[in-house]
Structure formats: C-alpha cells, structure tokens
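Note that ligands are numbered from 1 as they come in the structure, with each ligand's atoms numbered from 1 the same way. Given the structure is predicted, the values throughout are model-derived calculations rather than measurements.
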Amino acid sequence: MRNIAILCSGGDVSGMNAALKRFVEYSFDKGLTPYFVEHGFEGLIDNKIYRASYSDVAGIISRGGTKIYTARSKRFLEQKYRELALNNLRSHGIEYLIVLGGDGSFKGMQKLSDESEDIGFSGIPSTIDNDIAGTEYCLGVDTALNIIRTAIDAIRDTASSFGRAFVIETMGRECGYLALVSALTCGAEMCLIPEIPYDLNRYKKHFKKQKEEGRAYFIAIVSESLQDSEQTAKWFEDEVGIESRVTVLGHIQRGGNPTVYDRLMAFKFVTHAIDGLLEGEKSSVVCYNAGGFSRQKIENVAFKKYQINSELLKFGKEFNALEKYKVQKV
Ligand code: F6P
C-alpha cells in the first residue's frame with residue numbers, strides 16, 4: 001500500500017476535523033494508508049507521525065479545532081530541520097503529504113517540495129482570514145462568519161437596550177474580508193477595513209443627523225489590522241456624542257461547531273487534493289473559484305497578494321460612501 005500523510009499548520013479553523021475524517025476514509029477508498037502528523041511542521045521535525053484508522057476520526061466531524069493539533073514552526077525556516085522532516089516522512093514510506101494551512105504554511109510546503117523529488121505535496125487553503133491568493137474560499141471562513149453573526153446579533157440586543165455605540169473588532173490579519181462580509185450581512189452602520197479608505201467626518205455628519213432623528217445605537221465593525229477599535233469608540237463618544245464600548249471578538253472566531261458548508265468544503269477540498277496527488281501532481285494547492293475546484297502551483301498561491309473579490313469591494317465602497325443613508329428612515 002502507498003502511504004499518505006496530513007498535517008495542520010498555523011491558525012486552526014473549524015472544518016479541519018471534518019477534513020481529517022474525509023482524508024482517512026478517502027485514503028482507504030483509494031488503496032492508500034493514511035498517516036497523521038501531529039503539531040504541524042513541528043511534529044514533522046520531531047517525527048510525531050502515526051498511522052491513522054477509522055476509529056481516530058470517529059465522532060470528530062462536529063468538533064472545531066484539529067484533533068492532530070497545529071503549530072507555527074520557526075525551526076522549519078531552517079534547512080537542516082526541513083531535511084529532518086523529509087527524512088522522517090521517508091522513514092515511514094510516505095509518498096504524499098497534504099498540508100492544511102495558510103500562505104505561510106504553503107511557503108514552507110513549497111520549500112519542502114523544492115528540496116525533495118520523491119514526495120508529492122498538496123495544500124488545502126485553511127484560514128478564517130480568507131486571504132490566500134488564487135482561491136475565493138478558504139476552509140473555516142463560513143463558520144467564523146456565522147460565529148461573528150451570532151456575536152453581533154447578541155451585541156445588538158445590549159446596544160439597543162442601553163443606547164450605545166459598539167465597536168466590534170474582527171480577526172483577519174491584514175485582510176478585511178471577515179469585517180466586510182459581517183458588516184454587509186449583520187446590518188452594521190460602519191465598516192472599517194484596510195482595503196477601503198474611509199473618512200470619519202462623513203460618518204459624523206450622517207450619524208449625528210440620524211441620532212437627532214431618533215437612532216438610539218450604532219454597530220461598527222473594525223478589522224483588527226487597523227488597530228483602531230479604541231480610537232473609533234472614543235470618536236463615537238467625542239464626535240457623535242454617544243456612549244460606546246469595544247468588543248474584541250478574538251479567538252472565538254476560530255472555534256465552534258463547523259457549519260454544513262465548511263463540512264462539505266472540507267470533504268471536497270480533501271477529495272481534490274488526493275485525486276491530484278494520485279494523478280501525479282507534485283506540488284499544488286487546491287483552489288475554489290466560481291463554484292469550481294482547480295489545482296494551482298504553490299508559488300502562484302503562496303507568493304501572491306490576495307485581493308478581496310471586486311464585487312464585494314464595490315459593495316464595501318458604497319457602504320463607506322454612505323449611500324444607504326440617502327434613503328434610510330430611522
Ligand atoms: O490567521 C488566523 C488568525 O486567527 C488571524 O486572524 C489572527 O491575526 C491570528 O491568527 C492570531 O494568531 P494567534 O492564534 O497566534 O494569536
């Protein structure tokens with residue numbers, strides 16, 4: 001039997017366990033022996049590699065996080081550790097490795113691929129940030145968005161009861177995707193993300209007018225990379241004249257029961273990864289665009305900057321241009 005391994009690297013996402021389950025089951029279907037690597041590239045260096053069986057993935061589909069743990073590895077930047085990692089894979093007779101992670105993990109995978117001829121690598125974009133070039137969807141994003149939605153709906157209850165402005169900070173590293181989609185789908189009044197310039201003075205005029213006309217509370221979504229949540233809350237107090245609070249959603253965005261969409265995407269991503277490896281692809285990332293899957297070279301994914309989809313950006317710009325207030329009655 002041919003051996004195939006999988007590891008999770010970088011920030012965990014809900015849907016990784018669903019991917020592990022599909023990995024084990026589909027590997028057996030294809031006549032492969034599945035292996036787990038624990039703790040990402042760290043575990044690869046430390047030979048934390050073991051054979052996986054059906055019982056390892058029983059009952060995990062509904063759990064967030066990853067059963068095989070994850071890590072961010074500094075040692076992996078050094079060639080001597082990558083050599084150790086490759087030799088560990090070889091010692092188990094592993095011919096294929098699937099990496100669930102973000103662009104940093106794919107850069108590591110690319111190095112491994114460049115340094116070995118005998119092993120095939122496939123990446124599955126997995127990050128709540130949704131910031132990987134070449135794919136419009138990364139595993140875990142839908143669950144994160146649903147968690148943000150639940151949190152915003154709850155915050156709205158207290159914001160309306162007290163008549164306060166709430167500044168809600170979402171994760172996303174340098175990418176405003178989570179903040180933008182959350183603002184558009186949760187009825188926020190303000191959305192600040194790095195991709196779209198904004199002018200708080202314009203907001204001030206509209207918000208003051210709305211307040212005079214009876215608006216009792218505001219919901220503002222701010223992307224973490226702006227590091228602007230506290231200042232924005234102060235701005236609400238000083239310039240709009242409304243008491244404000246900040247809620248940093250933090251790591252709750254990374255956990256929780258994976259949505260149906262993420263479970264299905266986990267299933268499909270893994271299926272395409274294994275199919276690609278068996279078809280002889282040595283180094284690719286499974287990407288999802290316009291409703292379909294394709295496999296792209298790692299360098300076209302890991303070393304390019306992700307741009308938020310242009311239609312979404314257009315909606316975000318309209319949002320910031322405050323077009324909606326022209327017709328809104330409070
Ligand atoms: O990349 C995923 C992510 O959750 C980012 O949104 C966030 O900036 C970062 O990881 C947090 O990293 P850590 O879990 O190491 O604090």
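- Not a single heavy atom of Gln253 lies less than 4.0 angstrom from ligand 1.
- When only non-hydrogen protein atoms are considered, atom 9 (C) of ligand 1 lies nearest to Arg173 NH2, 3.6 Å.
- For atom 12 (O) of ligand 1, the closest heavy atom belonging to the protein is Arg72 NH2, 2.9 Å.
- Side chains of Thr259 and Asp142: a donor on one and an acceptor on the other come within 3.5 Å.
- Of the protein's non-hydrogen atoms, the one nearest atom 1 (O) of ligand 1 is Asp129 OD2, 2.7 Å.
- Taking every heavy atom of Gly172 and a limit of under 4.0 angstrom, the matching atoms of ligand 1 come to 6 (O).
- Glu115 has its side chain out of reach of Glu83: every pair of non-hydrogen atoms, C-beta onward, lies at least 4.5 Å apart.
- Closest protein heavy atom to atom 10 (O) of ligand 1: Arg254 NH1, 3.1 Å.
- Using a 4.0 Å cut-off to heavy atoms of Glu224, the atoms of ligand 1 that qualify are 5 (C), 6 (O), 7 (C), 8 (O).
- A salt bridge is defined here as a Lys NZ or Arg NE, NH1 or NH2 lying under 4.0 Å from an Asp or Glu carboxylate O, and Lys234 with Glu230 fails to meet this definition.
- For ligand 1, the atoms lying closer than 4.0 Å to a non-hydrogen atom of His251 are 13 (P), 14 (O), 16 (O).
- Polar contact with ligand 1: absent for Ile128 (N/O pair, distance under 3.5 Å).
- Within the model, atoms CD1 of Ile94 and OG1 of Thr33 stand 10.0 Å from one another, a figure rounded to the nearest 0.5 Å.
- By the 30° and 60° cut-offs, the orientation of the rings of Phe293 relative to His272 is parallel.
- By the 4.5 Å heavy-atom criterion applied to side chains, Glu169 and Leu249 are not counted as neighbours.
- Counting only N and O atoms by type, the side chains of Asp46 and Tyr81 include no donor and acceptor under 3.5 Å apart.
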